[in-house]
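Comments concern the structure below.
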Amino acid sequence: MKIGLGCDHGGYNLKLEIIKHLEAKGIECVDYGTNSADESVDYPIYGQKVAEAVIAKEVDYGIVCCGTGIGISLAANKVPGIRCAVVSDVFSAKMSKAHNNANMLALGERVLGKGLALELVDTWINTEFEGDRHLRRVNLIGDIEKKYNK
Ligand code: RB5
């Protein structure tokens with residue numbers, strides 16, 4: 001499995017922890033920036049980079065971090081085909097894959113402790129999409145995109 005990661009300055013330190021954690025498990029990581037916590041940058045740039053890498057199949061999944069996880073998830077979700085879930089509890093991390101087939105996860109460095117953040121990552125990665133009626137619903141999300149991207 002190959003995971004693309006991106007962040008703004010507010011999520012930089014959490015992104016480094018996630019990369020260290022995933023690489024220790026033998027999961028390949030591709031880092032799409034930013035590369036510092038000290039320089040203020042704009043989160044949409046990094047949400048878009050990772051989202052486009054997922055859609056281009058450069059990576060299997062994306063994980064993005066900013067201060068809250070919200071801004072970068074909103075940006076990623078503008079790329080057609082992306083379902084980026086911002087989560088801060090284990091149940092939602094699990095359901096975001098099991099029911100919503102989220103292909104990106106967004107986390108907030110200013111919201112989460114490191115231990116919980118890494119547990120959210122593990123839960124999401126290790127959960128399978130359940131398909132069936134949930135596939136129908138995920139496809140309906142795709143239909144909304146098609147309607148507005150004409
Ligand atoms: C940056 O200060 C902060 O606004 C950003 O990291 C994020 O929390 C936005 O949603």
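In each ligand, atom 1 is the first atom listed, and ligand 1 is the first ligand listed.
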If every non-hydrogen atom of V79 is compared with every non-hydrogen atom of A51, which pair is closest and at what distance? CG2-CB, 3.6 Å
One should read off an interatomic distance between K49 NZ and I45 CD1, to the nearest 0.5 angstrom, of 7.5 Å
List the steps and the verdict of side chain to side chain contact (heavy atoms under 4.5 Å, CB included) for I3 and I125. CA-CA 10 Å; I3 302 212; I125 283 175; 3.6 Å; yes
Taking a 3.5 Å cut-off between nitrogen or oxygen atoms, can you list every pair linking ligand 1 to the protein, with distances?
from	atom 1	to	atom 2	distance (Å)
ligand 1	2 (O)	R110	NH1	3.3
ligand 1	6 (O)	D8	OD1	3.4
ligand 1	6 (O)	D8	OD2	2.6
ligand 1	6 (O)	G67	N	2.7
ligand 1	8 (O)	G67	N	3.2
ligand 1	8 (O)	T68	N	3.0
ligand 1	8 (O)	T68	OG1	3.3
ligand 1	10 (O)	T68	OG1	3.3
ligand 1	10 (O)	G71	N	2.9

State the CD1-CG distance between I18 and L107, to the nearest 0.5 angstrom. 5.0 Å
Is it true that the side chains of Q48 and Y43 contain a donor and an acceptor less than 3.5 Å apart? no
For Y61, is the NZ or CZ atom of K97 found under 6.0 angstrom from the centre of its six-membered ring and inside 45 degrees of the ring axis? yes
